[in-house]
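See below for the structure under consideration.
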There are 2 protein chains.
Amino acid sequence: MSREIRRTMPLLSMSIVMQLTELSARQIRYYEEHHLIEPHRTEGNRRMFSLNDVDILLEIKDYLEQGMNMAKIKKIFAKKSDPVAAEEPDLTDTELRRIMREEMRQAQRMQKSSIRRGDLSRFY
Amino acid sequence: MSREIRRTMPLLSMSIVMQLTELSARQIRYYEEHHLIEPHRTEGNRRMFSLNDVDILLEIKDYLEQGMNMAKIKKIFAKKSDPVAAEEPDLTDTELRRIMREEMRQAQRMQKSSIRRGDLSRFY
DNA sequence: TAAAGATGTTAGGTTTCCTAACATGGTTTT
DNA sequence: AAAACCATGTTAGGAAACCTAACATCTTTA
């Protein structure tokens, strides 16, 4: 049957994606600006999202809540879709510096959290 | 996770249901009038359909293409959702007569088609 | 020929979405 | 500390999609 629902079919309007993800329209459009999603467009230029888009948005939301910034998140997705080309990123200087900063922050966070998780406090 | 997509979640706007089913908006609204579907409404009164609604619409379309009329189709769905109460239908006389007519026509069709399938023509 | 059924079409109004711009409150950078 | 940047909010003006209600049309039935 061709009546199957594919993850990439553009089925969903802005409003329901907002509901499903609990993101604002502004946020969703902003992430599109950064090419993290590329929703389909109707003839009348309205965005139509796929279930896949929703998944990506939820992932983005998760990263943001963990304190990552756009630059870092972009890098993650770039690595996912093409782990090789991700070695030599074509990012602006500013973005690069941001990423490195974020990288360090993440490292710190990992330390802290793993201490909590593993309860290594006895070593201090 | 509550991130699961349920068949009954009202996710789909009119336009994409039109695409998925190849029915006109007029038709879809008409079938709603006859209570074959009951799409959810947004705060702004726009219909939102579930995947389940789409299935039902496709089923309706199928029946229509087989030559059934609304009255018959309604009866089929009534029987499905409540096979017992379907015994004593509270339909208008007109609808009832329509159904009986349709019933006979279906009987004829069944005969014809089963003849073709089983190739009983040798008995004639 | 008139009634009923199923769908098309049109009109006028409302909701949802669009882009573009400016506003804002944190962070960085200088 | 001032300037720049990031991520998001907000607003304005316009267009697309949708709504209901009514009338039109074509088939089938009475």
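Convention: sequence-line order gives letters A, B, ...; per-chain numbering from 1. Keep in mind that what you see is a predicted model, and the values were worked out from it rather than measured. As a basis for the values below, the full set of heavy atoms in this structure was taken, side chains included, without hydrogen atoms, waters or symmetry mates.
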Test salt bridge (charged side-chain N to carboxylate O under 4.0 Å, His left out) on B:Glu32 and B:Arg41; report intermediate values, then the result.
CA-CA 12 Å; B:Glu32 179 187 8; B:Arg41 296 292 183 125; 3.4 Å; yes
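A sub-4.0 Å separation between OP1 or OP2 of D:dA7 and a side-chain N or O of A:Tyr31 is absent.
One atom, CZ of B:Arg26, and another, P of D:dC23, lie 13 Å apart when rounded to the nearest Å. The distance between atom CD of B:Glu33 and atom P of D:dC19, rounded to the nearest whole Å, is 13 Å. The distance from atom CE of A:Met68 to atom P of D:dA7 is 13 Å, rounded to the nearest whole Å. Whole-Å rounding puts the B:Asn69 CG to D:dA30 P distance at 11 Å. Rounded to an integer number of Å, the gap from A:His34 NE2 to D:dC5 P is 14 Å. For the pair B:Ile73 CD1 and C:dG5 P, the computed distance is 14 Å after rounding to whole Å. One atom, CD of A:Gln27, and another, P of D:dT8, lie 5 Å apart when rounded to the nearest Å. B:Leu23 has its CG atom 17 Å from the C1' atom of D:dC18, to the nearest Å.
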Contact pattern, 5' to 3', of nucleotides 10-18 of chain C - B, S or - by protein heavy atom under 4.0 Å:
-----BBBS
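Judged by distance alone, the side chain of B:Gln27 and the main-chain N or O of B:Ser24 form a donor-acceptor pair under 3.5 Å.
Using a 4.5 Å cut-off on side-chain heavy atoms (C-beta onward), B:Leu11 and B:Phe49 make no contact. Counting heavy atoms from C-beta on, the side chains of A:Leu20 and A:Leu58 never come closer than 4.5 Å.
Comment: A:Glu59 engages A:Lys80 in a salt bridge, judged by a side-chain N to carboxylate O separation of less than 4.0 angstrom. In summary, B:Glu38 and B:Arg29 do not engage in a salt bridge, as defined by a charged side-chain N under 4.0 Å from a carboxylate O.
Among the nucleotides C:dT7, D:dT10, C:dG8, the one closest to the side chain of B:Tyr30 is C:dT7.
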